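Not measured: the values here are computed from a predicted model. The analysis underlying the following values was restricted to heavy atoms, covering all of them including side chains, and did not include hydrogens, waters or symmetry mates.
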Amino acid sequence: FSRRRRKRGPGRSWATWAVMHRCPDTNPEKRGEDYRMKRRFAAAALAAMTLMTSLALAGCSSDEQNQAGEGQSADLLEQIRDRGELIIATEGTWAPWTYHDEEDDLVGFDVEVAQRVAEKLGVKATFVEGEFDGLLAGLETGRYAMIANGVEITEERSEKYDFSTPYAYIHTAVITRGDDDSIQSLEDLDGKNTANTIDSTYTALAESYGANAVGVDDLNQTIELLLSGRIDATLNAEVTYADYMQAHPDANLKIAAVTEEASQVAFPLRKGDETASLRQQIDQAVDELRESGELAQISTKYFGSDYTQE
């Protein structure tokens, strides 16, 4: 079976027909002059028709763009309230911040704080789970409005994203095997092998002290590498280590060092005017949760202590 091309029909524009079907003239000079005049006339007519068509299409395109712009507000907060839903990204594999309980429900400190914020905005919280390395990229493309995943504010991140007011303050711990005394400070990471998720602040901190950092998917994989001796240390929140040891009291792990300054944890959002009002409302919600004592209660529930005060 072969597909044959159809021949174009004889239909032509009137301008082209006028050129092709001109009347003959007995005077060769006049005939040549008439021919040239008709050619110029036909060309001018075609140009005029092309211009009119272009203007008409441009007008239609402009009308469509105006209608699209009128149909949806550029303000993200207004879009969220119209939809009745705040879409939030999280890992879902990092206890006690964001994880699944025995009934497979998504829970954790970040999850519960984000849910309270959504309630303050008058909408429901809908979570999108994924590996941490892809969360920030998804925020840039607009897949969700914010991230709730223990994200620490750094200078580099602040250049790309806007952050809410901090809702937690944490210290970073250097975690090693219990029988390894070769690391007793952050400076001792020089030349050591560590592992963390690629885009985490823990990876950047380890590398800043000279460590050879390996990228992994989640905390469980990191601990497996450490206990098997394939890495020398890993960096993570002090509260995350405490939670892990509570669930695994016999694990051969210890904290070798802790950062002196606490890191600020906040919700990252896309930069731009479209997120300004949303950020203001999130800040207000966090402040209200802190003032009411709810934020401290959620922290104590998951961490055993209040980590919401600087």
> Under the criterion side chain to side chain contact (heavy atoms under 4.5 Å, CB included), which of Val151, Asp162, Ile153 is the partner of Pro268?
Replying inline: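 Result: among Val151, Asp162, Ile153, Val151 is the only option passing the side chain to side chain contact (heavy atoms under 4.5 Å, CB included) with Pro268.
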> Pick from Asn252, Ile231, Asp180: which one makes a side chain to side chain contact (heavy atoms under 4.5 Å, CB included) with Leu226?
Replying inline: Ile231
>> Can you classify the ring geometry of Trp97 versus Trp94 as parallel (below 30°), tilted (30 to 60°) or perpendicular (above 60°)?
In response: parallel
>> Using 30° and 60° as the class boundaries, would you call the ring planes of His248 and Tyr244 parallel, tilted or perpendicular?
In response: parallel
Can you find a pair of side-chain heavy atoms, one from [X] and one from [Y], that are under 4.5 Å apart?
{"X": "Leu139", "Y": "Arg143", "result": "no"}
{"X": "Glu238", "Y": "Val258", "result": "yes"}
{"X": "Arg83", "Y": "Lys124", "result": "no"}
{"X": "Lys192", "Y": "Asn212", "result": "no"}
{"X": "Thr203", "Y": "Ile198", "result": "no"}
{"X": "Asp243", "Y": "Phe303", "result": "no"}
{"X": "Ile175", "Y": "Thr222", "result": "no"}
{"X": "Leu189", "Y": "Val174", "result": "yes"}

> When you measure from the side chain of Arg81 to the backbone N and O of Leu121, does any donor-acceptor pair fall under 3.5 Å?
Replying inline: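 Here the side-chain-to-backbone pair exists.
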> Cut-off 3.5 Å, side chains only: do Gln280 and Gln284 have a donor facing an acceptor?
Replying inline: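 Gln284 and Gln280 do not have a side-chain donor-acceptor pair below 3.5 Å.
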>> Check for me whether the distance between the ring centres of Phe163 and Phe267 falls short of 6.0 Å.
In response: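 Not under 6.0 Å, so no.
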> Does the side-chain hydrogen bond (donor to acceptor under 3.5 Å, both in side chains) test come out yes or no for Asp188 and Tyr209, once each step is laid out?
Replying inline: CA-CA 8 Å; Asp188 291 335; Tyr209 281 94; over 6 Å; no
> For the side-chain hydrogen bond (donor to acceptor under 3.5 Å, both in side chains) test, which of Thr197, Thr98, Asn149 pairs with Glu91?
Replying inline: Asn149
